[in-house]
Amino acid sequence: MISTVLFNSIWILPLVAVLVCAPISRKHTALIKRIHLLFAGISLAIASWLVFHTYSLTMPLGIPEGNKPFLQFLTDFEWLPAIHAHYTMATDALGILLVFLTAVIVFTGMLASWKVDKQQKEFFALMQLLGTAVYGVFMSFDLVLFFVFYEMEALCMYLMIAGWGTGNKDYGGKKLTLTLALGSAMVLSTLFGIFIESGATTWNIVELADVKLPMNFQMWAFPMLFMGFAVSGSLFPFHFWSPDGHASAPTAVSMLAAGVMMKMGPFACLRVAIYLMPEAARIYLPYIAVLVIFNVAVACFIAMRHKDLKYITAYSSISHLGLIFLGLVAATPLAFRGAALQMLSHGFLTGLFFASIGMIYGRTHTRNIDEMGGLMRIMPFLGVAFTIAGFAGLGLPGLSGFVAETSIFIGSFQSPVPHIRVITILGILSITATAVYILQTANRMLSGPVRFEQFKKLPDADWTEKVALIIITLCLLGIGLFPGWISEFLDTAIAPIYANLMR
């Protein structure tokens with residue numbers, strides 16, 4: 001009972017923080033920031049405990065044999081009776097690990113944003129609301145509730161980019177929001193169709209998985225739903241919002257967007273689209289694989305041509321998200337596991353990337369790598385953090401990227417579809433290009449002479465920034481050095497989806 005209450009409190013606590021800070025005057029910025037950080041820390045502590053508690057409850061049960069996941073902390077009651085919508089919250093291995101990822105990124109994002117000097121009260125409130133939205137997506141098992149949370153994050157993103165972004169922030173924010181709105185429209189129309197065609201009186205994802213939807217409906221609904229979700233995952237041809245959105249966003253928003261929000265798309269593709277329409281998924285996934293070629297084999301070369309740190313990292317994210325989609329379209333158990341691991345791995349490494357980039361930009365006031373140089377001697381802590389994120393991105397053994405990418409490549413090569421194997425080979429070869437732009441960027445930034453005299457007096461990371469970077473680094477090392485228990489844990493969530501796909 002207590003664990004169920006704590007589980008449901010995760011998405012509620014950020015709202016409580018906003019309400020607690022609402023009557024406090026803007027003059028007391030230090031108090032407001034400490035209250036928000038306290039609530040974010042409590043959410044992180046609860047999420048950490050729930051990961052291990054869920055593991056202890058789930059693993060003794062073994063791997064589910066049918067298409068029903070082992071749901072923990074299930075809470076279900078009627079919410080909107082007129083449309084049969086329920087408040088249905090629960091979690092499995094994948095859901096709780098992504099909740100933990102979100103809690104880490106929200107907490108460290110607040111630490112990285114400690115020096116925000118404009119409208120701090122509104123900034124931290126919107127960060128909490130954005131966290132609530134993402135928590136809700138990973139915890140919901142009712143499609144109406146799921147969509148409410150899914151749509152909520154786009155509004156928060158736009159407000160934060162427009163209010164605290166840099167550069168052409170209005171263009172970047174509108175481009176991001178309108179593109180995500182297009183995907184949401186595709187998703188909503190399909191969800192209505194699923195409810196009507198199923199003949200059911202429920203929006204519960206697990207119950208709808210038992211309904212075999214008509215094939216003539218699945219043949220148009222599956223690509224609509226999958227591609228609608230894939231918009232937030234930057235799958236080609238809906239990748240174009242990501243570079244401008246990241247480049248204009250403040251540090252914490254970039255961390256949340258790339259680290260967490262972009263995982264909502266592939267997560268929903270797996271949890272909703274593939275799970276509910278397996279017959280159409282088996283037909284369409286080999287064709288969708290063709291779209292993955294751009295992400296895994298082209299985006300990395302575009303990153304090589306850019307000199308802006310945020311654009312480089314944005315295209316790097318598009319490339320790494322392509323590997324997640326490669327795991328999904330390959331549709332083998334090991335590929336699914338690799339895709340889930342990559343969701344976690346990329347969430348942490350891109351959080352570390354954008355956090356360190358934001359901290360460096362806050363000191364140098366430039367993101368152009370040609371204007372940098374010798375920063376490792378000036379700010380070694382930030383330089384090491386950026387380097388670790390780069391090594392994780394190129395799949396260095398011992399860090400999270402290695403185990404995730406290896407699982408995807410081996411699992412995808414097990415696919416019986418010939419061209420998926422070809423795309424897998426392209427993905428493996430793209431690691432070389434990834435290594436080139438990461439090492440090239442790190443070398444130009446951190447080595448050589450200092451370009452400007454004023455850079456020599458720049459300070460290294462302060463204690464709040466160091467704590468944020470250390471937490472994310474430990475998560476990267478944790479997955480990389482101890483992947484066994486996480487992999488086995490994720491199998492309990494992936495097995496029912498794969499079983500339903502093969503029915």
Side-chain angles (χ1 to χ4, degrees), residues 1-14 42-64 66-77 79 86-106 131-150 153 202-209 260-261 263-264 266-272 274-276 336-337 339-341 343-344 347 475 479 485-500:
M1 179 63 184
I2 294 176
S3 56
T4 302
V5 172
L6 289 174
F7 173 72
N8 283 275
S9 72
I10 289 179
W11 75 269
I12 297 172
L13 280 173
I42 293 172
S43 295
L44 176 57
I46 293 173
S48 303
W49 180 78
L50 287 174
V51 167
F52 292 102
H53 189 49
T54 305
Y55 181 86
S56 66
L57 293 174
T58 302
M59 293 309 294
L61 302 175
I63 303 297
N67 67 346
K68 294 287 190 293
F70 295 140
L71 297 183
Q72 307 296 342
F73 320 124
L74 177 63
T75 307
D76 188 359
F77 57 83
W79 175 42
H86 280 225
Y87 174 90
T88 306
M89 288 286 196
T91 194
D92 57 8
L94 179 57
I96 198 63
L97 286 171
L98 289 173
V99 165
F100 172 73
L101 166 65
T102 305
V104 169
I105 298 299
V106 170
T132 288
V134 181
Y135 286 135
V137 168
F138 296 141
M139 296 164 64
S140 303
F141 273 82
D142 181 276
L143 288 175
V144 174
L145 189 62
F146 174 92
F147 185 79
V148 169
F149 284 118
Y150 188 86
E153 49 83 25
T202 180
W203 296 88
N204 188 291
I205 295 173
V206 177
E207 293 179 18
L208 287 172
V260 179
M261 192 206 76
K263 310 305 173 295
M264 290 165 42
F267 169 80
C269 287
L270 184 64
R271 171 64 56 83
V272 181
I274 295 175
Y275 190 42
L276 298 187
F336 277 172
R337 179 207 284 182
L341 282 169
M343 291 182 204
L344 295 169
C475 292
I479 298 174
W485 73 273
I486 297 178
S487 300
E488 294 172 0
F489 190 31
L490 285 171
D491 285 343
T492 63
I494 291 162
I497 298 174
Y498 183 76
N500 210 49

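The residues of the chain are indexed from 1 along the displayed sequence.
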Checklist outcome for this item: Residues Thr492 and Pro64: closest non-hydrogen pair is O-CG, 3.4 Å
Item to check | Positive for side-chain hydrogen bond (donor to acceptor under 3.5 Å, both in side chains) with His86, one of Thr202, Asp76, Thr75 | outcome: Asp76
Item to check | Option passing side-chain contact (heavy atoms from CB on, under 4.5 Å) with Pro14 (candidates Val106, Val134, Thr132) | outcome: Thr132
Item to check | pair Phe73-Leu57: side-chain heavy atoms closer than 4.5 Å | outcome: yes
Next on the checklist: Please report the interatomic distance OG(Ser43) to CG(Leu13), rounded to the nearest 0.5 Å.
Outcome noted: 4.5 Å
Item to check | Student check: side-chain heavy atoms of Val99 and Leu50 closer than 4.5 Å | outcome: no
Checklist entry - Looking at CG of Leu276 and CG of Leu143, how far apart are the two atoms once the value is rounded to the nearest 0.5 Å? => result 6.5 Å
Checklist entry - Looking only at heavy atoms, what is the nearest atom pair of Leu74 and Thr4, with distance? => result O-CG2, 4.3 Å
Item to check | Which atom of Leu6 lies closest to which atom of Ile46, heavy atoms considered | outcome: O-CG2, 3.6 Å
Next on the checklist: side chain to side chain contact (heavy atoms under 4.5 Å, CB included), that's the test. Do Leu94 and Ile494 meet it? Break it down for me.
Outcome noted: CA-CA 8 Å; Leu94 179 57; Ile494 291 162; 5.7 Å; no
Next on the checklist: When you compare the side chain of Leu101 with that of Val104, does any pair of heavy atoms fall below 4.5 Å?
Outcome noted: no
Next on the checklist: Is the ring pair Phe489/Tyr55 parallel, tilted or perpendicular, if the boundaries are 30 and 60 degrees?
Outcome noted: perpendicular
Checklist entry - When Trp11 is tested against each of Phe138, Phe149, Tyr135 for ring pair (Phe, Tyr, Trp, His ring centres under 6.0 Å), which residue passes? => result Phe149
Item to check | Donor-acceptor pair, side chain of Thr91 and main chain of Ile96, under 3.5 angstrom | outcome: yes
Next on the checklist: Would you compute the distance between atom OG1 of Thr58 and atom CG of Leu71 and round it to the nearest 0.5 angstrom?
Outcome noted: 9.0 Å
Next on the checklist: Can you confirm if the aromatic rings of Phe100 and Trp49 lie within a centre distance of less than 6.0 Å?
Outcome noted: no
Item to check | Minimum side-chain heavy-atom gap Asn204-Asp142 below 4.5 Å | outcome: no
Checklist entry - For the residue pair Phe141 and Trp203, is the inter-centroid distance of their aromatic rings smaller than 6.0 Å? => result no
Checklist entry - Do the side chains of Lys68 and Pro496 get nearer than 4.5 Å, heavy atoms only? => result no
Checklist outcome for this item: Rounding to 0.5 Å, atoms OG (Ser48) and NE2 (His53) come to a distance of 14.5 Å
Next on the checklist: My understanding is that only residues two or more places apart in sequence, or in another chain, count here; which of them pass salt bridge (charged side-chain N to carboxylate O under 4.0 Å, His left out) with Asp92?
Outcome noted: Arg271
Next on the checklist: Could you check whether any side-chain heavy atom of Phe7 comes within less than 4.5 Å of a side-chain heavy atom of Met139, counting everything from C-beta outward?
Outcome noted: yes
Next on the checklist: Can you give me the closest heavy-atom contact between Gly131 and Thr102, atom names plus distance?
Outcome noted: O-CG2, 4.4 Å
Checklist entry - After noting the C-alpha distance and the side-chain angles of Ile497 and Leu270, does the key distance pass the side chain to side chain contact (heavy atoms under 4.5 Å, CB included) rule? => result CA-CA 8 Å; Ile497 298 174; Leu270 184 64; 3.8 Å; yes
Checklist entry - Taking it one step at a time, do Leu145 and Thr88 satisfy side chain to side chain contact (heavy atoms under 4.5 Å, CB included)? => result CA-CA 8 Å; Leu145 189 62; Thr88 306; 5.8 Å; no
Checklist entry - Is it the case that Asn8 and Tyr87 place a side-chain donor and acceptor less than 3.5 Å from each other? => result yes
Checklist outcome for this item: Note: Leu341 and Ser487 closest approach over all heavy atoms is CD1-OG, 3.8 Å
Checklist entry - Which pair of non-hydrogen atoms, one from Lys263 and one from Met343, has the smallest distance, and what is that distance? => result CE-O, 3.4 Å
